[in-house]
Amino acid sequence: MNPIKPEDAFKNIISHSKEYGFIFQSSEIYDGLSAVYDYGQLGAELKKNIREYWWQAMVQMHNNIVGIDAAIFMHPTTWKASGHVDAFNDPLIDNKDSKKRYRADVLIEEHIGKLEDKIEKEVEKAAKRFENFDANLFRSTNQRVLDYQKKIDEIEARFKNALNANNLEEVKQIILDLEIVCPISGSRNWTDVRQFNLMFSTSMGSVSEDSNTIYLRPETAQGIFVNYLNVQKTGRMKIPFGIAQTGKAFRNEIVARQFIFRMREFEQMEMQFFVKPGTEMEWYAYWKNTRLNWHLSLGLGAEKYRYHDHAKLAHYANAACDIEHRFPFGFKELEGIHSRTDFDLKQHETFSGKKLQYFDPELNQSYVPYVVETSVGLDRLFLAILSSALKEEALEGGDTRSVLSLPPALAPYKAAIFPLVKKDGLPELAESIYTSLKFDFNVAIDEKDTVGKRYRRQDAIGTPYCITVDHQSLEDKTVTVRHRDTMQQERIAINALSDFLQQRVHLKSLLKTL
RNA sequence: GCGGAAGUAGCUCAAUUGGUAGAGCUCCAGCCUUCCAAGCUGGAGGUUGCGGGUUCGAGACCCGUCUUCCGCUCCA
């Protein structure tokens, strides 16, 4: 048998996701919407269980961490303070020959810079020629300098107007008119200028005016920062403490691909941990370790994880690393752990004019706390779990089965109940077992097709246990329980089923391993 | 965004130089059946991604467009 190529394995995951109702492309009947996906009936369950495990591990297991649920809409100034407005609002242009991308404004400014250099050279030359040289007088009278300066002023004015009017065609025309060439290819074969603002915007209120523009949050973190003092005071939190949150965030990615790995609408699960300045590196190390252990607890295999320490740090961080997971397409970021210093809170202090300080009773002084962030992509985690769990297993006799070895606590259905045959009162007994279990567990019932087929169907969606009612069940009130991964069966009393499942499929079974 | 590949039933795929869109699995209704997808009968499911064009005739050829995967690029 040929080994499955990674590319095929990934395609297999995508088609499995669709075939069994985990993930569908958004608006599929309209040809889909690029890089947007919907979770189907089983995907929604799995995703919910993953989120719940994260939440309990964070909030329920730590008495100094609480959870919030901030709105997606935030005051527009939030994104000025966070740096998102300025940093991600650039007009970009590509050179078709070198395939390099440039910021259009930088290209134009560099061109202006060259003109300014020429002026300086004129000034230098003149300074050598004349004694008692008056540079200012020269600048204001020399014709060549005046011509250059006039050109600069014209370009700047034109560029400013184009940007203010958001006229990207004009920006491109400026580049063409100035005969700016790509430094690498030397060609003037440019694409159109495009504005890549990674934030989605919409307008609040019925009248759309500039002042009403608000953004869909590009990260959930800011909802925690702006609330940190509310939570600290009303929750009587003492540093160190954490605020956790799960929720949607939106980024208008230039290139969004690889199934649900990079989507335009995605869900983050993050926790901001507020600490005393100077202690942040200890907590950074603590969370780095704690979070990896959480991932390892899922049992997907330690070899699937590694740290990637950032050599180049973002402006707000003094330490950062990713926990990477080996996806079918290689090791990629799953979770980020960042020591964000007091950058965010300081920025919000500046922009809001409000003090965001914490009074430390031990030190008897106030300070802006430092922040250590853990931020995991729920959709990425979903993909990591799904792709690691899905196996094509060769069985004796040349048969294969498709089995989704999900951690039982995360599986959409905890158990499926089958009457062995559809007669002799077996369906009725199966129904009564289903009814008694459904209050505590998400369970399925299926009487269609041979029992072998039903086992395989449940294997493919990751149901850890199949409970089969047979003729013996009618006599001694026992059933067989078949294990998904081993395909082994054991006989259990019907009234012991609830305890059996409780011990194996409850989130507690995972939480206890942390 | 650039380059490459692809899109036919829920899934995996056929369809000869352009000549009536098919199969297997799945699904549905039954029959049979005492534990690992394989028996029997019947049935449903398609404007071949979408829109144009060439042609007597297009799933196939041409143009555009959407979507997906791969490489490059980007990624606070």
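Excluded from the calculations below are hydrogen atoms, water molecules and symmetry mates; all remaining heavy atoms, backbone and side chain alike, are included. Naming convention: chains lettered A, B, ... in sequence-line order (proteins, then strands); numbering from 1 in each chain.
Partner assigned to B:C36 is none, using Watson-Crick or G-U wobble distances below 3.5 angstrom. Pair assignment for B:C72 gives B:G1, based on Watson-Crick or G-U wobble hydrogen-bonding distances that are each under 3.5 Å. Of the nucleotides present, B:C66 is the one that pairs with B:G7 by Watson-Crick or G-U wobble criteria, both distances under 3.5 Å. Pair assignment for B:G59 gives none, since no Watson-Crick or G-U wobble pairing has each distance under 3.5 Å. Pair assignment for B:G45 gives none, since no Watson-Crick or G-U wobble pairing has each distance under 3.5 Å. The partner of B:G22, taking Watson-Crick or G-U wobble pairs whose two distances both stay under 3.5 Å, is B:C13.
When heavy atoms are screened at a 4.0 angstrom cut-off, A:R457 is found touching the sugar-phosphate backbone but no base atom. Among the atoms of the strands shown, base atoms are found under 4.0 Å from some heavy atom of A:T480. As judged by a 4.0 angstrom heavy-atom cut-off over every strand, A:A221 is placed among residues making no nucleic acid contact. Residue A:Y37 is in sugar-phosphate contact alone, with no base atom involved, counting any heavy-atom pair closer than 4.0 Å across all strands shown. Looking at heavy-atom distances under 4.0 Å, A:F259 makes contact with sugar-phosphate atoms alone, never a base. Nucleic acid contact for A:Q472: none, since no nucleic acid atom lies under 4.0 Å from a heavy atom of the residue.
Taking the P atom of each, B:G43 and B:G4 are spaced 47 Å apart, rounded to whole Å. Taking the P atom of each, B:A5 and B:C63 are spaced 13 Å apart, rounded to whole Å. Distance check on atom P: B:C36 versus B:C72 gives 48 Å, rounded to whole Å. The separation of B:U48 from B:A6, taken at their C1' atoms, amounts to 14 Å, rounded to a whole angstrom. Nucleotides B:G52 and B:C13 are separated by 29 Å at their C1' atoms, to the nearest Å. Rounded to whole Å, the P atom of B:G46 lies 14 Å from the corresponding atom of B:U8. Comparing the C1' positions of B:C31 and B:C69 gives a spacing of 45 Å, expressed to the nearest Å. Spacing between B:A37 and B:G24 at atom C1', rounded to whole Å, works out to 14 Å.
Looking only at atom types and distance, the side chain of A:Q268 has a donor-acceptor partner in the side chain of A:T220 under 3.5 Å away. In the model, A:Y37 has no side-chain atom that pairs as donor or acceptor with a side-chain atom of A:D379 under 3.5 Å.
In summary, A:R484 and A:D459 do not engage in a salt bridge, as defined by a charged side-chain N under 4.0 Å from a carboxylate O. In this structure, A:D470 pairs ionically with A:R491, as a charged nitrogen and a carboxylate oxygen lie closer than 4.0 Å.
One can place OH of A:Y465 at 24 Å from P of B:C35, the figure rounded to the nearest angstrom. Summarising the geometry, the separation between CZ on A:F24 and C1' on B:U67 is reported as 17 Å, rounded to the nearest angstrom. Between the CZ atom of A:R401 and the C1' atom of B:C25 there is a distance of 19 Å, rounded to whole Å. Spacing between atom CG of A:D424 and atom C1' of B:C32 amounts to 14 Å, rounded to whole angstrom units. Computed from coordinates, the A:K453 NZ to B:C32 C1' distance equals 13 Å when rounded to whole Å. The interatomic distance linking A:R454 (CZ) with B:A38 (C1') rounds to 16 Å, in whole Å. Taking atom CG of residue A:N252 and atom P of nucleotide B:G1, one finds them 11 Å apart after rounding to whole Å. One atom, CG of A:L33, and another, P of B:C50, lie 19 Å apart when rounded to the nearest Å.
The base of B:C35 lies outside donor-acceptor range of the side chain of A:R482, with no N or O pair under 3.5 Å. For a distance-only test at 3.5 Å, the side chain of A:R262 qualifies as a donor-acceptor partner of the base of B:C75.
In terms of phosphate contacts, A:K11 brings no side-chain nitrogen or oxygen within less than 4.0 Å of OP1 or OP2 of B:A6. The shortest distance between the side-chain N/O atoms of A:K423 and the OP1/OP2 oxygens of B:U33 is below 4.0 Å. Residue A:R484 places none of its side-chain N or O atoms closer than 4.0 Å to OP1 or OP2 of B:C36. Within the 4.0 Å cut-off from OP1 or OP2 of B:C11, at least one side-chain nitrogen or oxygen of A:K18 is found. For the OP1/OP2 pair of B:U68 and a distance below 4.0 Å, the side-chain nitrogens and oxygens of A:S34 include at least one atom meeting the criterion.
Distance from the side chain of A:D449 is smallest for B:C27 among the nucleotides B:C27, B:C36, B:C69. For A:P218, taking side-chain heavy atoms from C-beta onward, the closest of the listed nucleotides B:U34, B:A76, B:C36 is B:A76. Taking only side-chain atoms of A:I14, from C-beta outward, the nucleotide of B:C35, B:C69, B:A76 with the closest atom is B:C69. Listed candidates were B:C35, B:A38, B:A76. Nearest to the side chain of A:Y455 is B:C35. Distance from the side chain of A:V421 is smallest for B:U34 among the nucleotides B:C69, B:U34, B:C36.
Two rings, from A:Y228 and A:F274, have their centers less than 6.0 Å apart.
Mapped onto RNA chain B by nearest heavy atom, A:Q25 and A:E19 fall at different nucleotides, with A:E19 at the one closer to the 5' end. Projected onto RNA chain B by closest heavy-atom contact, A:S15 and A:G452 fall at different nucleotides, the more 5' of which corresponds to A:S15.
Across all their heavy atoms, A:F382 and A:I50 have their closest contact at CA-CD1, 3.8 Å. Closest heavy-atom contact between A:L42 and A:P412: O-CG, 3.7 Å.
Aromatic ring pairs are classed by plane angle as parallel below 30°, tilted from 30° to 60° and perpendicular above 60°; the pair A:F327 and A:H325 is perpendicular. Using bins of under 30°, 30° to 60° and over 60° for the plane-to-plane angle, the ring pair A:F418/A:Y455 lands in the tilted bin.
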